[in-house]
Amino acid sequence: MAEPTIDAGAGPVALRRSPLAHLAERMRAAAVTGARGVTLTEWPFLTMVNLRVAPASEAAARIEKTLRTPLPRECGRTTTSGPHTVAWLGPDEWLVLSQAESTAVTAELRAALGGDPGSVVDVSANRTTLELSGPAARQVLEKGCPLDLHPRSFAPGRAVSTTVGPVAVLLWQVDDTPTYRLFPRSSFADYLARWLLDAMSEYRGPVNVIEC
Amino acid sequence: MLLISCPWCGPRDETEYHYGGQAHVPYPETPADLTDEQWAEYVFYRDNPKGHFAERWMHSLGCRRWFNVLRDTVSYDVLAVYRLDEPRPELPTLRDLHQTAEAAGGNR
Ligand SMILES: [Zn+2]
């Protein structure tokens with residue numbers, strides 16, 4: 001998934017403020033380059049739709065047709081099609097991340113669900129998106145994430161709900177750089193961003209230990 | 001720190017979970033007919049065994065699902081993990097193991 005491309009334009013959309021707008025400058029300034037490089041960026045206002053439906057139902061099949069991709073059936077899996085990436089949240093629950101406009105995605109999925117048991121809720125304002133990228137990104141996360149992020153057990157395309165520091169996040173690895181996207185609840189985003197900025201700061205300094 | 005295997009997410013640290021007390025405590029079938037004592041029994045009274053104990057846990061920071069754990073309250077070993085729609089697994093207790101060993105003529 002590339003950078004979100006929603007055009008703010010005029011009206012209420014142009015007036016909204018992202019949960020980390022006040023830290024944008026500090027995140028830019030904290031970027032570290034080189035072999036131990038790591039950067040932190042917010043991608044605000046990404047479309048997120050919470051989806052609950054029985055995985056073996058006809059409604060799930062209709063939703064998969066609408067999304068043009070199967071719903072992942074296992075913890076950690078994601079599926080991607082066009083502007084949408086679907087992350088597994090639970091055995092009957094998913095988060096649809098999309099670059100498409102949120103009301104349109106929600107309406108489409110709700111139509112596909114029809115009157116069947118389940119729910120489709122636009123939760124775009126529930127979380128924000130932090131992107132942590134660079135050769136040192138995994139080491140930064142490992143300071144406070146209980147998961148094994150080593151490539152032998154975590155890889156691009158995997159997304160799991162876990163914690164970073166004390167903050168609950170959905171953690172999604174996007175590529176081998178490695179690049180991670182973290183989805184904290186909006187009210188925890190400020191704390192998490194400051195936690196990450198602090199964890200990143202040591203990589204600016206001179207290397208005085210041998211990395212392995 | 002306990003390492004508990006969520007039936008859906010696999011092994012995760014205890015800090016991702018919430019404890020939910022004793023498992024297999026059924027809601028009263030005729031709640032309107034219960035005496036105060038029976039209500040108190042249902043709401044407040046729980047077993048406190050030394051050994052195997054079936055209890056509820058919730059993977060609150062992961063998939064947010066409730067499930068059951070069979071845990072040894074002495075060693076803190078997590079002996080089994082099973083979903084709410086699965087029966088409690090039959091595991092030999094220490095006493096069973098001891099008796100089996102005695103029947104086999106060993107462990108005297
Ligand atoms: Zn779980």
Side-chain angles (χ1 to χ4, degrees), chain A residues 48 50-56 71-78 86-95 119 121 123 126-127 141-150 152-155 158-173 182-185 187-188 191-192 195, chain B residues 1-29 31 52-91:
Chain A
M48 301 181 208
N50 185 279
L51 167 67
R52 294 202 67 170
V53 65
L71 299 168
R73 303 302 164 98
E74 236 179 274
C75 177
R77 303 271 170 209
T78 60
V86 186
W88 186 98
L89 290 185
D92 59 2
E93 186 171 7
W94 294 269
L95 190 65
S119 75
V121 183
V123 292
N126 181 226
R127 306 172 190 247
L141 283 182
E142 280 170 347
K143 294 182 185 191
C145 181
L147 280 185
D148 183 4
L149 297 175
H150 190 278
R152 77 182 151 238
S153 62
F154 205 73
R158 295 193 62 82
V160 292
S161 300
T162 183
T163 49
V164 172
V167 179
V169 297
L170 177 67
L171 175 68
W172 172 27
Q173 184 173 348
L182 294 83
F183 301 87
R185 266 47 179 238
S187 52
F188 291 92
Y191 182 93
L192 179 66
W195 188 97
Chain B
M1 173 90 71
L2 295 177
L3 188 65
I4 301 171
S5 273
C6 168
W8 289 279
C9 306
R12 301 286 184 91
D13 282 359
E14 181 186 351
T15 47
E16 291 197 3
Y17 298 91
H18 268 95
Y19 184 64
Q22 183 177 352
H24 311 297
V25 180
Y27 190 75
E29 284 196 9
H52 296 185
F53 189 44
E55 51 199 17
R56 295 206 152 174
W57 285 80
M58 190 216 200
H59 194 190
S60 44
L61 294 179
C63 62
R64 303 191 301 151
R65 269 19 178 222
W66 285 98
F67 60 97
N68 294 329
V69 170
L70 199 58
R71 184 174 63 92
D72 190 314
T73 58
V74 179
S75 64
Y76 277 57
D77 279 348
V78 175
L79 304 164
V81 169
Y82 54 107
R83 298 189 336 213
L84 295 184
D85 57 356
E86 293 172 334
R88 174 177 169 158
E90 298 285 345
L91 287 183

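Each chain gets a letter, A, B and so on, in the order its sequence line appears, and its residues count up from 1.
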More than 12 heavy atoms of other residues, nucleotides or ligands under 6.0 Å from OH of Y191(A): is that the case? no
What closest approach, in Å, do R65(B) and P91(A) show between heavy atoms, and which atom pair accounts for it? NE-CD, 3.8 Å
Just how far is it from atom CD of E16(B) to atom OG1 of T163(A), taken to the nearest 0.5 Å? 5.0 Å
Answer yes or no: does atom OH of Y17(B) have more than 12 heavy-atom neighbours from other residues, nucleotides or ligands under 6.0 Å? yes
Counting heavy-atom pairs under 4.5 Å with chain A, the top scorer among P7(B), C9(B), C6(B) is C9(B)
If you draw a 6.0 Å radius around CZ in R73(A), do more than 12 non-hydrogen atoms from other residues or ligands fall strictly inside? yes
Under 4.5 Å heavy-atom distance to chain B, tell me which part of L147(A) shows up: side chain, backbone, both or neither. side chain
Decide yes or no on side chain to side chain contact (heavy atoms under 4.5 Å, CB included) for H59(B) and C75(A), but give the supporting numbers first. CA-CA 13 Å; H59(B) 194 190; C75(A) 177; over 6 Å; no
Counting neighbours of NE2 on H18(B) that are heavy atoms of other residues, nucleotides or ligands and sit closer than 6.0 Å, is the number greater than 12? no
CH2 of W8(B) to CG of L89(A): how many Å apart, nearest 0.5 Å? 14.0 Å
